[in-house]
Amino acid sequence: MYAGHFAIGLAIKAAAPRTPALPILMGVGLLDLLDGIFIVLGIDRVAPNLASGPYLYFDLLFIDWDHSLLMAVVLSLVWGAFFLRDRRVAAIAAAAVFSHWLADWPVHNGDLAAYPHSVEHYGYGLWGKLGMGSWLLEGLFAAVLLAYAWTANARRGVGTLWPAVVLVVLFLQLSPWLSPMKIVARFDEPAAHLAHGALVALGFLVPALLLTWLVDRAERRM
Ligand SMILES: [Zn+2]
């Protein structure tokens, strides 16, 4: 899942508007930010596969240090600990990180381990089962969350237009037609997995910072 994670972040922020945006909007993508870095470092293993799903075009062979259930719990607690000065913020930041694993579960093709190197794997596999349909479902999911954030923010006189524009751009950019992963998957190795890792990391870091800035700006304007 991609744009859906940021939609969850915008919804959490709208539900808890006094929580700073960064712990939430960086939190929802933290597992994938680490995933990208770990792929570049060779800790995670991915392989190009143009049939793997609607927009990723890579099989995730080993992502256990960021996307196993146990590590999702651990990383949620670690991220929350950064904000322990306010226990409420810490709890919301941790929940934002864990939301990533829950949202990934329906789409991932059985590549989510229980714990690092476990035989047991989870993931309902909508990417593989539905292909483009899973991308459309993710869009619907994101739209519902965005509508909630929009109305909740509007009640406080806060606009959501620019975060919504970014979300739509992200959704369209990682689509079956525009996904840069389709180009990268045709590279020779090791360029393919290195470029994939770099794109995953940047694809979560940059939108998290941009959305944080836009959400904070809208809050200041109210
Ligand atoms: Zn993920």
Side-chain angles (χ1 to χ4, degrees), residues 1-12 23-41 43-49 52-80 93-116 118 120-130 134-135 137-139 141-142 145 167 170-171 173-176 179-181 184-185 193 195-209 211:
M1 180 159 291
Y2 183 52
H5 291 303
F6 291 110
I8 292 171
L10 292 175
I12 294 174
I24 298 171
L25 293 168
M26 195 65 80
V28 291
L30 185 74
L31 299 189
D32 269 344
L33 176 58
L34 292 174
D35 177 74
I37 295 168
F38 289 172
I39 289 168
V40 172
L41 294 177
I43 296 166
D44 281 358
R45 277 186 301 114
V46 299
N49 174 12
S52 74
Y55 52 67
L56 206 56
Y57 302 108
F58 276 79
D59 284 331
L60 310 172
L61 302 176
F62 181 84
I63 52 171
D64 294 10
W65 291 106
D66 41 271
H67 273 68
S68 64
L69 177 56
L70 177 67
M71 286 311 295
V73 172
V74 169
L75 292 166
S76 299
L77 296 175
V78 169
W79 183 247
V97 176
F98 195 68
S99 79
H100 185 105
W101 197 88
L102 294 177
D104 268 356
W105 179 84
V107 292
H108 270 242
N109 298 329
D111 49 34
L112 303 167
Y115 52 88
S118 74
E120 178 81 13
H121 277 73
Y122 310 112
Y124 186 65
L126 287 182
W127 278 341
K129 285 178 181 149
L130 296 182
S134 67
W135 173 74
L137 269 182
E138 180 175 341
F141 173 71
L145 289 171
L167 201 65
L170 294 178
F171 176 65
Q173 190 233 309
L174 208 67
S175 64
S179 173
M181 299 303 186
V184 164
H193 83 269
H196 175 86
L199 284 174
V200 170
L202 289 173
F204 279 87
L205 181 65
V206 175
L209 294 175
L211 285 170

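Counting begins at 1 with the first residue of the sequence. Order of appearance sets the numbers: ligands from 1, and atoms from 1 within every ligand. Computed from a prediction, not measured in an experiment: that's the story for all the values here.
Partners of P48 by side-chain contact (heavy atoms from CB on, under 4.5 Å), not counting sequence neighbours, listed by chain and number: F58, A185, E189, A192.
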Show, in sequence, the C-alpha distance, side-chain angles and deciding distance for L69 and Y115, and conclude whether the side chain to side chain contact (heavy atoms under 4.5 Å, CB included) test is met.
CA-CA 6 Å; L69 177 56; Y115 52 88; over 6 Å; no
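Closest N/O/S atom of H67 to the Zn ion (ligand 1): NE2. Looking only at its N/O/S atoms, D104 has OD2 as the one nearest to the Zn ion (ligand 1).
Judged purely by distance below 3.5 Å, without hydrogens or angles, the side chains of H193 and D44 never pair a donor atom with an acceptor atom.
For H100, the nearest N, O or S atom to the Zn ion (ligand 1) falls under 2.8 Å. Among the backbone and side-chain atoms of D32, an N, O or S atom lies under 2.8 Å from the Zn ion (ligand 1).
Of the candidates F204, W127, W135, Y2 forms a ring-ring contact (aromatic ring centres under 6.0 Å, His included) with just one, namely F204.
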